[in-house]
Chemist: 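A single structure is presented below for examination.
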Amino acid sequence: MIDINLIRENPELVKANLKKKFQDKKLPLVDEIAELDKRKRALQAEGDNCRAMRNTLAKNIGLLMRDGKKEEAEEAKRISKENNDRVARIEEETAEIETRLKTAMMSIPNIIADDVPVGRDDSENVQGKVFLEAKEKPFDVPYHLDILESLGGIDLDAARRTSGNGFYYLTGDIARLHSAVLNYARDFMIDKGFTYCIPPYMIRSDVVSGVMSFEEMEGMMYKIDGEDLYLIGTSEHSMIGRFMGTVLSEDSLPQTLTSYSPCFRKEKGAHGIEERGIYRIHQFEKQEMIVICKPEESEDWYEKMWNYTVELFVSMEIPVRQLICCSGDLADLKYKSCDIEAWSPRQKKYFEVGSCSNLTDAQARRLGIRYKNSKTGKNEFAHTLNNTVVAPPRMLIAFLENHLQPDGTVYIPEVLRKYMGGKSKIELKN
RNA sequence: GCAGAGAUGGCGGAGUGGUCGAACGCGCACGACUCGAAAUCGUGUUACGGGCAACUGUACGGGGGUUCGAAUCCCUCUCUCUGCGCCA
């Protein structure tokens, strides 16, 4: 949600932003909001006067009653009642206008960064920096499920029986590797100065609607039957929710946190679970990082954050690149965003393994995350950012494909060995 | 799950129908003292909104009600604490 002052003072900027995001159909909303806002303020002035009147009248009645002037008090009560009817009418209209205004404001996207490339959809995203050479293998790289099966690391049949499509059992060294990657990533982030956090895996609906749009909620979130609780789709939800409605002291910023959680997603809609394997599933685990900081620091943190992910992957000897999200592919809450993509030697292309976003104050405004600015003495909205450190099932695909040896074993890079009992490779089954 | 108590500013915590946006304390800001600091003393300090301004409105967990008037009374929901039960 953007600051309504922007629409009051610079509606052209908001419109230009909509055009850059190819959301031209929302253009009339800007003028509509300006009108509603005007009407709301007029009502407010009128209502304020009526309420001021009510307060004065009520005070007088108190005094009259005290002095025992019964009749005068009764007359004042009658006048007050009339005035209250008017207040009620005004408040009714105000409530209606506010609802419309809020709905409209919610669908106005955050102002995007100047350096976001303009493009219609994900096909126009732009490659950023590339890290490590993306080499082709001198042999055919099998589909990741076949690699997993050859290593005795997965049981999809059983998972389908117990839970249906979109779930898996990981076993043996593969399960251990999965945990190893998470543990390594956790320690990696702790070494970067982040605070490790294990958050709730279920959150209430008011938190959910604060951190995402209604459509996202429908398509992603699992609801617990009979309770006002949802399974989190990412720990970002509970991590950011932690600060809902709070005023942080300036010296407690930046909050730099890294969290572990399972993530639960319906994966409804256009893409769905059409792919065989573990690329898109209902339940996976993820190490996440979030930062809450002062506005002037968020650009720097954004750069640092996506680079941490790159550094992590490079340390595991997996080639990656930054893919810069274009204006049309940017979710409405985002100021800028990029994906980190890992190299797939099988597909001979990169695929998404993580996503880093700076939401500036848009998310903080929705959730009421503020900090006391010591210079102005005012409570101001903080900036929020989030980034994937690593999500093992997806990273496992990259890992297996990149570290597969000609003999079918899988190489374990140095940094992970202490989490794998010193092993340097994963052997074939039997 | 049952019973009782409770939810008030950045924090702790008074306040049980009008003079309460809210005592007091902590914290914070500024000033004095000091070579400087600590301690001490003084002043200020709830938030959000409308208005050029004077000024003004709203908010005491959420929602609804009673009343001319609600932090205060009633209903309801949520949460927290204490005891009991249940389960690791």
Side-chain angles (χ1 to χ4, degrees), chain A residues 1-9 33-102 104-105 199-200 202-210 223-230 238 241-255 292-294 361-362 364-382:
Chain A
M1 185 145 70
I2 62 164
D3 189 344
I4 191 145
N5 279 314
L6 263 182
I7 289 184
R8 285 180 196 157
E9 289 158 14
I33 287 170
E35 278 306 306
L36 284 169
D37 180 50
K38 233 185 193 169
R39 179 68 189 138
K40 188 189 131 183
R41 282 191 283 175
L43 278 172
Q44 165 133 27
E46 198 185 344
D48 280 2
N49 286 334
C50 287
R51 278 183 290 259
M53 174 76 85
R54 176 175 67 189
N55 291 341
T56 316
L57 287 171
K59 216 167 262 181
N60 278 332
I61 292 167
L63 293 174
L64 289 170
M65 294 293 265
R66 181 170 313 159
D67 299 344
K69 295 177 183 165
K70 267 243 151 157
E71 277 178 30
E72 285 177 54
E74 287 306 317
E75 173 61 14
K77 277 192 191 183
R78 200 188 52 75
I79 295 169
S80 186
K81 253 184 180 156
E82 273 173 29
N83 184 58
N84 285 354
D85 289 344
R86 207 171 144 213
V87 172
R89 276 199 309 276
I90 291 166
E91 283 181 349
E92 205 177 309
E93 195 187 342
T94 305
E96 192 211 314
I97 298 234
E98 276 177 353
T99 310
R100 284 168 60 194
L101 196 56
K102 196 179 172 199
M105 280 300 286
M202 297 184 209
I203 51 176
R204 267 202 258 283
S205 57
D206 59 336
V207 184
V208 178
S209 55
K223 180 155 182 14
I224 303 295
D225 190 32
E227 314 250 348
D228 180 30
L229 283 173
Y230 289 79
S238 33
R242 186 178 167 200
F243 298 96
M244 219 169 129
T246 58
V247 180
L248 296 153
S249 70
E250 197 175 55
D251 55 10
S252 72
L253 298 179
Q255 290 276 337
I292 299 178
C293 67
K294 294 193 261 185
D361 63 358
R365 181 170 291 108
R366 264 166 87 147
L367 291 168
I369 302 173
R370 296 174 300 167
Y371 76 102
K372 185 153 226 109
N373 184 326
S374 61
K375 282 198 196 83
T376 61
K378 285 274 172 197
N379 290 337
E380 292 172 6
F381 291 110

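In the text below, chain A, chain B and the rest are named by the order of the sequence lines, each starting its count at 1.
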Chemist: Would you mind classifying the nucleic acid contact of R365(A) as base, sugar-phosphate or nothing, using non-hydrogen atoms under 4.0 angstrom?
Modeler: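 Nothing, no nucleic acid heavy atom in range.
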Chemist: For A22(B) versus G12(B), give the span between their C1' atoms, rounded off to a whole number of Å.
Modeler: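 Rounded to whole Å, the distance is 15 Å.
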Chemist: Would you mind telling me which of U56(B), G10(B), G18(B) lies closest to the side-chain atoms of I61(A)?
Modeler: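 Selected nucleotide (nearest to the side chain): G18(B).
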Chemist: Would you classify L57(A) as touching base, sugar-phosphate or nothing, given that sugar-phosphate means primed atoms plus P, OP1 and OP2, and contacts are heavy atoms under 4.0 Å?
Modeler: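 L57(A): no heavy atom of the nucleic acid under 4.0 Å.
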Chemist: Under a 3.5 Å cut-off for both contacts, is C84(B) paired Watson-Crick or G-U wobble with anything, and if yes, with which nucleotide?
Modeler: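 Answer to the pairing question: G1(B), which forms a Watson-Crick or G-U pair with C84(B).
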Chemist: What I want to find out is whether E82(A) reaches R78(A) closely enough, with some N-O distance under 4.0 Å, to be called a salt bridge.
Modeler: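 Salt bridge: yes.
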Chemist: Return the value, rounded to whole Å, for the distance between atom CD of E74(A) and atom C1' of G69(B).
Modeler: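 After rounding, the gap between these two atoms is 14 Å.
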Chemist: Of the nucleotides C68(B), G10(B), U56(B), which has the atom closest to the V247(A) side chain?
Modeler: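 Of the candidates, G10(B) comes closest.
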Chemist: What distance, rounded to whole Å, do you find between the two C1' atoms, one in G49(B) and one in A32(B)?
Modeler: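 That atom pair is separated by 38 Å.
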Chemist: Please measure how far the P atom in C74(B) lies from the corresponding atom in G83(B), and state the result in whole Å.
Modeler: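 Between the two P atoms, the distance is 27 Å.
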Chemist: C48(B) phosphate, OP1 or OP2: any side-chain N/O from R370(A) under 4.0 angstrom?
Modeler: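 R370(A) to C48(B) OP1/OP2: side-chain N or O found under 4.0 Å.
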Chemist: For the pair made of CZ in R51(A) and P in G50(B), what is the distance, rounded to whole Å?
Modeler: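 To the nearest whole Å, that distance equals 14 Å.
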Chemist: Which base, if any, makes a Watson-Crick or G-U wobble pair with A47(B), both distances under 3.5 Å?
Modeler: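 Partner of A47(B): U58(B).
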Chemist: Measure CD/E9(A) against P/C52(B) and give the value in whole Å, please.
Modeler: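 Nearest whole value for this atom pair: 12 Å.
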Chemist: Treating S209(A) as the side-chain partner and S205(A) as the backbone partner, does any N or O pair qualify as donor plus acceptor under 3.5 Å?
Modeler: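 Present.
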Chemist: Taking atom P in both G17(B) and C73(B), compute the distance separating them and give it to the nearest angstrom.
Modeler: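 Going atom to atom, P in each nucleotide, I get 8 Å.
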Chemist: Return the pairing partner of A23(B) with a 3.5 Å limit on both distances, Watson-Crick or G-U wobble; otherwise return none.
Modeler: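 Paired with no nucleotide.
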Chemist: Under 3.5 Å for both donor-acceptor distances, Watson-Crick or wobble: does C52(B) have a partner, and if so which one?
Modeler: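 With both distances under 3.5 Å required, C52(B) matches none.
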Chemist: Which nucleotide, G69(B), G51(B), G57(B), lies nearest any side-chain atom of R41(A)?
Modeler: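 It is G51(B).
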Chemist: Salt bridge or not for R89(A) and D85(A), using N-O below 4.0 Å?
Modeler: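 Salt bridge absent between R89(A) and D85(A).
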Chemist: Using Watson-Crick or G-U wobble geometry with both distances under 3.5 Å, which nucleotide pairs with U16(B)?
Modeler: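 Here U16(B) is not engaged in any pair, so there is no nucleotide opposite it.
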Chemist: Using a cut-off of 4.0 Å on non-hydrogen atoms, how would the nucleic acid contact of A52(A) be classed: base, sugar-phosphate, or nothing?
Modeler: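 Sugar-phosphate contact only - A52(A) comes under 4.0 Å of backbone atoms but never of a base.
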Chemist: Within the 4.0 Å heavy-atom criterion, would you say N55(A) contacts the bases, only the backbone, or no part of the nucleic acid?
Modeler: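 Result for N55(A) = sugar-phosphate.
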Chemist: Using atom C1' in both nucleotides, what's the gap between U46(B) and C26(B) to the nearest angstrom?
Modeler: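 Roughly 15 Å separates the two C1' atoms.
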Chemist: Could you say whether A58(A) or G47(A) is positioned toward the 5' end of RNA chain B, judged by the nucleotide with the nearest heavy atom to each?
Modeler: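 Residue closer to the 5' terminus by nearest nucleotide: A58(A).
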Chemist: When the distance from NZ of K40(A) to C1' of G49(B) is rounded to whole Å, what number comes out?
Modeler: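 Answer to the nearest Å: 7 Å.
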Chemist: Please state how far atom CD1 in I97(A) lies from atom P in G49(B), giving the value in whole angstrom units.
Modeler: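 Value for this atom pair: 19 Å.
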Chemist: State plainly whether the residues E380(A) and K294(A) are in salt-bridge range, i.e. N to O under 4.0 Å.
Modeler: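 Salt bridge flag = no for K294(A) with E380(A).
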Chemist: Quantified in whole Å, what is the C1' atom distance between nucleotide G25(B) and nucleotide C33(B)?
Modeler: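 Going atom to atom, C1' in each nucleotide, I get 24 Å.
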Chemist: For a quick check of understanding: with a heavy-atom distance under 4.0 Å over all strands, which category does R78(A) fall into, base, sugar-phosphate or nothing?
Modeler: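 Answer is nothing: R78(A) stays at 4.0 Å or more from every strand.
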Chemist: When you compare the side chain of K40(A) with that of L43(A), does any pair of heavy atoms fall below 4.5 Å?
Modeler: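 Not touching, per the 4.5 Å side-chain cut-off.
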Chemist: Below the 4.0 Å mark, does G69(B) have OP1 or OP2 next to a side-chain nitrogen or oxygen of N84(A)?
Modeler: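 For G69(B), OP1 or OP2 has a side-chain N or O of N84(A) closer than 4.0 Å.
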Chemist: If we call it a pair only when both distances are under 3.5 Å in a Watson-Crick or G-U wobble match, what pairs with A38(B)?
Modeler: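 The base-pairing partner of A38(B), which may sit in any strand shown, does not exist here.
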Chemist: Under 3.5 Å, side chain of S80(A) to main-chain N/O of A76(A), donor-acceptor pair present?
Modeler: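 It does not hold such a pair.
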Chemist: For nucleotides A71(B) and A3(B), find the distance between their C1' atoms and express it as a whole number of Å.
Modeler: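 Taking atom C1' in both A71(B) and A3(B), they lie 27 Å apart.
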Chemist: Between N83(A) (side chain only) and C50(A) (backbone N and O only), is there a donor and an acceptor less than 3.5 Å apart?
Modeler: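 Looks like yes, one N/O pair under 3.5 Å.
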Chemist: Determine the Euclidean distance between corresponding P atoms of C20(B) and G57(B); express it in Å to zero decimal places.
Modeler: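 16 Å, rounded to whole Å.
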Chemist: Round to the nearest Å and state the distance from Q44(A) atom CD to A59(B) atom P.
Modeler: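 Rounded to the whole Å, the gap is 12 Å.
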Chemist: OP1 or OP2 of G49(B) sitting under 4.0 Å from any side-chain N/O of R8(A)?
Modeler: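 The answer is no; no side-chain N or O of R8(A) sits under 4.0 Å from OP1 or OP2.
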Chemist: What is the distance from NZ of K81(A) to P of U66(B), rounded to the nearest Å?
Modeler: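 After rounding, the gap between these two atoms is 10 Å.
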Chemist: Between A76(A) and M53(A), name the one whose nearest nucleotide on RNA chain B is closer to the 5' end.
Modeler: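 Closest to the 5' end, via its nearest nucleotide, is M53(A).
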Chemist: Is any side-chain N or O of N379(A) under 3.5 Å from a base N or O of G10(B), one able to act as donor and the other as acceptor?
Modeler: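 Side chain to base: no pair below 3.5 Å.
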Chemist: What is the distance, rounded to the nearest whole Å, between atom CG of D251(A) and atom P of G10(B)?
Modeler: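 About 16 Å, once rounded to whole Å.
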Chemist: Taking only side-chain nitrogens and oxygens of R54(A), does any of them come within less than 4.0 Å of OP1 or OP2 of C68(B)?
Modeler: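 Answer no for this pair, as no side-chain N or O of R54(A) is under 4.0 Å from OP1 or OP2.
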Chemist: Using Watson-Crick or G-U wobble geometry with both distances under 3.5 Å, which nucleotide pairs with C73(B)?
Modeler: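 Pairing partner: G65(B).
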Chemist: Should the pair K77(A)-E72(A) be classified as a salt bridge under the 4.0 Å nitrogen-to-oxygen rule?
Modeler: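 No, no charged N to carboxylate O under 4.0 Å.
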Chemist: Any strand counts, and the cut-off is 3.5 Å on both contacts for Watson-Crick or G-U wobble. Which nucleotide pairs with G6(B)?
Modeler: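 Because both required distances fall under 3.5 Å, G6(B) counts as paired with C79(B).
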Chemist: Considering every strand and a 4.0 Å limit on heavy-atom distances, what is the contact class for N83(A): base, sugar-phosphate, or nothing?
Modeler: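 Result for N83(A) = nothing.
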